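Here the structure comes first, spelled out in structure tokens, and everything after it is commentary.
Note on naming: letters A, B, ... go to the chains in the order of the sequence lines (proteins, then strands), and numbering restarts at 1 for each one. Since the structure is predicted, the reported quantities are computational estimates derived from the model, not experimental observations.
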Amino acid sequence: MLFNTFVHIPGIGETTERRLWQAGVTTWDKFVEPYPAFLSGQKVRLIQDHLARSRAQAAQQAPLDFLRQLPAAQRWRIFPHYRDSVAYLDIETTGLSFNDHCITTISLYDGKEVFTYVQGENLAEFAEDIQRYRLIVTYNGKAFDVPMLERHFGFRLTQAHIDLRPLLQGLGFVGGLKGCEKQMGLDRGELTGVDGYFAVLLWREYCRTREPRVLETLLAYNVEDTVNLESLLVQAYNLKLAGTPFAESHRLDMPIPPERAFLPDVALIARLQGRMRGGY
DNA sequence: AACAAATCGGACAGGGACTA
DNA sequence: TAGTCCCTGTCCGATTTGTT
């Protein structure tokens with residue numbers, strides 16, 4: 001809903017934007033004479049100036065500049081405009097600490113296809129692949145995944161980035177990725193109970209045994225996280241929309257998850273969980 | 001266990017409407 | 001014109017939150 005947005009203009013907050021919508025100014029093109037009476041001449045000029053700039057940016061396909069002007073709490077609005085170039089992203093590591101950081105696997109989903117990257121195999125390819133996308137979607141990735149990736153690869157990820165954690169928190173969903181999925185009706189099947197720490201154990205087990213099924217289980221978990229990000233963002237988008245006049249017209253359909261490329265080994269999961277409880 | 005970012009709450013400033 | 005008040009937007013600091 002970029003073309004319905006006015007809060008990117010300094011001096012225009014959510015209240016003024018809502019009043020504009022109520023006055024019938026639901027898109028940039030509808031900001032024409034006669035202007036709503038509650039706006040002073042000064043405000044009218046301010047909005048005119050900024051809209052001219054916004055139109056130019058939209059024409060140049062420079063939505064990144066547009067995004068930077070948008071208050072953090074409103075970044076979700078750009079999502080549909082990037083849908084054809086989005087990377088849902090999640091990484092697994094050898095632990096939580098930034099000191100002994102070591103990325104073990106990366107999973108990337110672009111809405112159609114799943115890509116995975118494994119340390120010791122093809123991890124380096126990620127650096128080039130990620131450049132293809134204009135939007136990154138993560139859960140808590142601003143604080144964890146992105147800094148970790150930037151440190152590992154020595155580059156900066158300059159794409160637009162929607163972090164689902166604060167977005168969902170604002171909608172009342174807290175409790176981590178798994179908690180949010182549960183509250184929003186997503187089911188993990190055999191992977192219920194597998195978490196980030198378990199992924200660390202799976203990697204250790206894989207290093208020890210070199211069993212392909214161990215790696216496949218880890219990747220199944222990693223991919224599940226990534227694929228679910230799309231459903232969560234679509235639901236969050238629709239919930240955000242509910243407070244606007246565009247709830248019906250801009251509503252997004254729930255995505256269809258891709259064919260599962262990796263299958264978890266249920267017996268292995270049970271065995272490792274047993275070992276965890278046993279205190280190993 | 002460290003860290004980054006967003007949110008929240010409260011304080012503050014400025015525009016605009018109204019009155020005398 | 002001066003004085004006042006309300007609404008809106010912004011700023012600052014503290015707090016919340018979750019990642020493997």
d(A:Thr15 OG1, A:Leu20 CG) to nearest 0.5 Å is 11.0 Å
When A:Thr116 is tested against each of A:Asn222, A:Leu123, A:Leu219 for side-chain contact (heavy atoms from CB on, under 4.5 Å), which residue passes? A:Leu219
Distance, rounded to the nearest Å, where A:Gln74 contributes CD and B:dT7 contributes C1': 13 Å
My understanding is that a pair needs two contacts under 3.5 Å, Watson-Crick or G-U wobble. By that rule, which nucleotide pairs with B:dA6? C:dT15
Under 4.0 angstrom, heavy atoms only, what part of the nucleic acid is A:Tyr139 near: base, sugar-phosphate, or nothing? sugar-phosphate
Taking atom C1' of C:dT8 as reference, at what distance in whole Å does atom CZ of A:Phe38 sit? 12 Å
Mind calculating the distance between CG (A:Leu89) and P (C:dT19) to the nearest angstrom? 15 Å
Touch class at under 4.0 angstrom, heavy-atom based, for A:Gly170 against every strand present: nothing
Check every atom of C:dT20, B:dA6, C:dG18 against the side chain of A:Val174 and return the nucleotide holding the closest atom. C:dG18
Expressed in angstrom and rounded to an integer, what is the separation of A:Glu150 atom CD from B:dC3 atom P? 16 Å
Considering every strand and a 4.0 Å limit on heavy-atom distances, what is the contact class for A:Pro147: base, sugar-phosphate, or nothing? nothing
A:Asn222 near the nucleic acid: base, sugar-phosphate alone, or nothing, with a heavy-atom cut-off under 4.0 Å? nothing
Do the side-chain N or O atoms of A:Thr15 get closer than 4.0 angstrom to the phosphate oxygens (OP1, OP2) of C:dC7? no
Residues A:Tyr35 and A:Gln48: side-chain donor-acceptor under 3.5 angstrom: yes
What is the distance from CD of A:Glu92 to C1' of C:dT20, rounded to the nearest Å? 7 Å
Taking the minimum atom-to-atom distance to the side chain of A:Leu96, which one of C:dT8, C:dT20, B:dA6 wins? C:dT20
NA contact type, A:Ile12, heavy-atom cut-off 4.0 Å: base, sugar-phosphate, or nothing? sugar-phosphate
So if I take every side-chain heavy atom of A:Pro166 and compare against C:dG18, C:dT20, B:dA6, which nucleotide ends up nearest? B:dA6
Do the side-chain N or O atoms of A:Lys142 get closer than 4.0 angstrom to the phosphate oxygens (OP1, OP2) of B:dA6? yes
On DNA chain B, nearest-nucleotide positions of A:Arg165 versus A:Gly41: which is more 5'? A:Arg165
Separation of A:Asn140 atom CG from B:dT7 atom P, in whole Å? 13 Å
d(CG, A:Leu164; P, B:dA6) in whole Å: 13 Å
Should the pair A:Phe126 and A:Tyr117 be assigned to parallel (<30°), tilted (30 to 60°) or perpendicular (>60°) ring geometry? perpendicular
May I ask you to decide if the ring planes of A:Phe31 and A:Phe6 are parallel, tilted or perpendicular, using 30° and 60° as cut-offs? tilted
Among C:dT8, C:dT20, C:dT10, the nucleotide that comes nearest once only the side chain of A:Pro10 is considered: C:dT10
What do you reckon, is CZ of A:Arg75 surrounded by more than 12 foreign heavy atoms closer than 6.0 Å? yes
Return the value, rounded to whole Å, for the distance between atom NZ of A:Lys43 and atom C1' of B:dA17. 14 Å
